[in-house]
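FYI, the numbering just counts along the sequence from 1. Just follow the structure's listing: the first ligand is 1, and inside any ligand the first atom is 1.
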Amino acid sequence: MNVVIVGLGNLGSAVATVLARNGHQVMAWEFNQAVVDELNQQHSNSAYLPAVAMPKTIAATSDSQQLPLAGADALIITLPSRFIEQTLAGLTLPAGLPIVNMSKGMNPENGETVCQTLQRLFPNNTLAQLSGPSIANEFVAGVITAFVAASSCHSLQQSLAQLFNNDSLSVQFSTDIVGVELGGIFKNCYALGLGIVGQHAVAGLNFSGAFLTLALQEMRSLAVAMGAQASTFDGLACIGDLIATALSDNSHNRKMGQLLAQGLSLAQIEQQLGVLAEGYKTLATMLPLAQQHGVTLPLAQLINELIEGRLSLDNFCKGFNALLKSPC
Ligand SMILES: NC(=O)C1=CN([C@@H]2O[C@H](COP(=O)(O)OP(=O)(O)OC[C@H]3O[C@@H](n4cnc5c(N)ncnc54)[C@H](O)[C@@H]3O)[C@@H](O)[C@H]2O)C=CC1
Ligand SMILES: O=C(CO)COP(=O)(O)O
């Protein structure tokens, strides 16, 4: 199959690599010309996917007009959410080209999820959210990984299985695009929070177990109020992704939490990570959304106060302990 990938950051490079290894033809757009040149000349991406030999068949460009959209079977979006609208707004897509979103974020200005933005920009193209516990550095290294392809289009789900399935990668199906996307978005806030608190003496696995349980309850209540199916939260795209992201040392959100706990400023973190992890902006978007939907998110509120410096780590732990004394 022929695939166009938008964004050769950590996720996009890993996706390009596994699809090319599966024998598919991959062409990618990338913002950073140095990344494009390295990929085309040395078949590597030292900035975003160090120490991985990328297949020579992958080609990249920073000129979106060069993308072979007319002959493509899927357009896969792997950019951080904040760059998606500005990058895609000028593109004209063939009417039948399916769009697959793998980004997990929201627009803080209008509260839209990435899928909602894509639907607004390209109302005539079918859409899938491809999500699940899928840390790029792991699945590119052959770690067993299962994705969820959420779409109302069965043939698009089948195409995604055909693209990704191999000895270590599997694609499951869902029709709950809202739940699958929101699970992947909301868990980032809690992974960031656990990254901060993980540095505290109280934070053993008992603590993490309680934290993630409460996180899942909050994610589910807000997402259901926004139209998701509750049962989606028992699956890979929600509890699965929450566990993987919050506990993985490869997670950008967990890492950002750790850097905040070490006292780094947002500017220093942006310099180190390249882009602030999605959970940071999502938290600020999620809390007003919850209020709008009449849902309370006490753990997310505590994390927000901690990040904004209105709560010390000790007082966060006291507040968290108090939440555990309330009936669920
Ligand atoms: N890295 C991972 O393991 C996974 C990430 N995701 C999601 O994928 C999305 C991308 O994450 P990562 O690949 O980790 O990000 P990253 O930080 O590795 O990549 C950043 C990308 O943004 C590009 N960029 C920077 N400035 C830009 C601009 N002004 N315009 C357009 N592009 C620009 C960079 O060139 C690079 O391609 C996020 O929404 C994340 O939640 C989802 C699953 C796994
Ligand atoms: O969503 C992810 C894994 O499924 C990756 O999350 P990070 O952006 O925190 O690395």
Side-chain angles (χ1 to χ4, degrees), residues 5-18 28-39 45-50 52 60-62 64 76-91 100-107 113-115 117-118 129-141 143 145-148 164 169 180-195 236-259 269-282:
I5 295 180
V6 180
L8 281 178
N10 185 230
L11 176 65
S13 301
V15 169
T17 299
V18 298
W29 176 89
E30 164 57 33
F31 172 77
N32 185 334
Q33 186 62 46
V35 170
V36 170
D37 293 342
E38 185 186 335
L39 187 278
N45 183 347
S46 50
Y48 292 106
L49 198 64
V52 174
T61 177
S62 55
S64 57
I76 304 185
I77 313 298
T78 51
L79 280 175
S81 59
R82 59 180 278 210
F83 302 129
I84 289 178
E85 181 153 7
Q86 72 195 49
T87 301
L88 297 181
L91 279 187
V100 179
N101 177 47
M102 296 187 75
S103 175
K104 296 172 178 171
M106 299 181 104
N107 181 337
T113 66
V114 173
C115 281
T117 302
L118 292 170
Q129 173 72 28
L130 190 65
S131 205
S134 42
I135 301 278
N137 289 348
E138 291 198 12
F139 71 74
V140 80
V143 171
T145 299
F147 298 92
V148 181
F164 281 86
L169 303 181
V180 166
E181 186 182 21
L182 289 178
I185 292 172
F186 291 162
K187 57 82 187 161
N188 287 333
C189 307
Y190 298 97
L192 200 164
L194 195 60
L236 281 173
C238 298
I239 185 165
D241 205 3
L242 174 65
I243 292 172
T245 307
L247 300 182
S248 170
D249 285 331
N250 279 309
S251 157
H252 298 71
N253 285 283
R254 181 179 163 90
K255 179 79 186 161
M256 177 165 172
Q258 290 168 337
L259 295 175
I269 294 173
E270 193 158 16
Q271 198 177 18
Q272 197 170 127
L273 296 184
V275 179
L276 293 181
E278 293 277 11
Y280 177 69
K281 285 251 167 65
T282 297

Where is the nearest protein heavy atom to [atom]: which residue, which atom, and how far?
atom: atom 28 (C) of ligand 1; value: F83 CD2, 3.4 Å
atom: atom 37 (O) of ligand 1; value: E30 OE1, 2.8 Å
atom: atom 9 (C) of ligand 1; value: L79 O, 3.6 Å
atom: atom 34 (C) of ligand 1; value: Y48 OH, 3.3 Å
atom: atom 7 (C) of ligand 1; value: M102 O, 3.8 Å
atom: atom 32 (N) of ligand 1; value: F31 CB, 3.4 Å
atom: atom 43 (C) of ligand 1; value: K104 NZ, 3.6 Å

Query - Nearest-option assignment for atom 3 (O) of ligand 1, heavy atoms, candidates S62, A277, A136 - result: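 It is A136 that holds the nearest heavy atom.
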Requested in this report: Between D241, L130, N10, I185, flag the one that comes closest to atom 1 (N) of ligand 1 by a heavy atom.
Outcome: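 Residue with the shortest heavy-atom distance to the ligand atom: N10.
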Which atoms from ligand 1 have a heavy atom of [X] less than 4.0 Å away?
X: S134; result: 3 (O), 43 (C), 44 (C)
X: E278; result: 38 (C), 39 (O), 41 (O)
X: T78; result: 9 (C), 10 (C)
X: G9; result: 13 (O), 18 (O), 19 (O), 36 (C), 37 (O)
X: I135; result: 3 (O)
X: L8; result: 37 (O)
X: S103; result: 39 (O)
X: Q86; result: 29 (N), 30 (N)

Report task. Please indicate whether Q271 has more than 12 foreign heavy atoms, meaning atoms of other residues, nucleotides or ligands, lying under 6.0 Å from its CD. Result -> no
Would you confirm whether [X], through its side chain, and [Y], through its main-chain N or O, come within 3.5 Å as a donor-acceptor pair?
X: R254; Y: A246; result: yes
X: N10; Y: Y48; result: yes
X: N188; Y: E278; result: no
X: E181; Y: V114; result: yes

Requested in this report: Take the angle between the ring planes of F83 and F31 and call it parallel below 30°, perpendicular above 60°, tilted in between.
Outcome: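 The arrangement is parallel - the two ring planes meet at less than 30°.
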Side chains of [X] and [Y]: does their closest heavy-atom pair fall under 4.5 Å?
X: N32; Y: S62; value: no
X: E30; Y: L39; value: no
X: K281; Y: S81; value: no
X: V36; Y: L8; value: no
X: K104; Y: S134; value: yes
X: F139; Y: V15; value: yes
X: L118; Y: L88; value: yes

Requested in this report: Give a yes/no verdict on whether any heavy atom in P80 is under 4.0 Å from an atom of ligand 1.
Outcome: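 Contact present.
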**Report entry** K255: partners by side chain to side chain contact (heavy atoms under 4.5 Å, CB included), with sequence neighbours left out
**Finding:** Q258, L259, Q272, L273
Query raised in the report: Just by distance, with hydrogens left out, do T117 and E85 show a side-chain donor and acceptor under 3.5 Å apart?
Result: no
Query raised in the report: Is it true that the side chains of N45 and S13 contain a donor and an acceptor less than 3.5 Å apart?
Result: yes
Write 'none' if nothing qualifies; otherwise put on separate lines each N/O atom of ligand 2 with a protein N/O atom under 3.5 Å away and their distance to 0.1 Å.
unit_1: ligand 2; atom_1: 1 (O); unit_2: K104; atom_2: NZ; d: 2.9
unit_1: ligand 2; atom_1: 1 (O); unit_2: K187; atom_2: NZ; d: 2.6
unit_1: ligand 2; atom_1: 4 (O); unit_2: K104; atom_2: NZ; d: 2.9
unit_1: ligand 2; atom_1: 4 (O); unit_2: G132; atom_2: O; d: 3.1
unit_1: ligand 2; atom_1: 4 (O); unit_2: S134; atom_2: N; d: 3.0
unit_1: ligand 2; atom_1: 4 (O); unit_2: D241; atom_2: OD1; d: 2.6
unit_1: ligand 2; atom_1: 8 (O); unit_2: N253; atom_2: ND2; d: 3.3
unit_1: ligand 2; atom_1: 9 (O); unit_2: S251; atom_2: OG; d: 2.7
unit_1: ligand 2; atom_1: 9 (O); unit_2: H252; atom_2: N; d: 3.1
unit_1: ligand 2; atom_1: 9 (O); unit_2: N253; atom_2: N; d: 2.9
unit_1: ligand 2; atom_1: 9 (O); unit_2: N253; atom_2: ND2; d: 2.7
unit_1: ligand 2; atom_1: 10 (O); unit_2: H252; atom_2: N; d: 2.8
unit_1: ligand 2; atom_1: 10 (O); unit_2: H252; atom_2: ND1; d: 2.7

Query raised in the report: Is the shortest N/O to N/O distance between W29 and ligand 1 below 3.5 Å?
Result: no
Query raised in the report: Side chain or backbone of L11 under 4.0 Å from ligand 1, or both, or neither, by non-hydrogen atoms?
Result: both
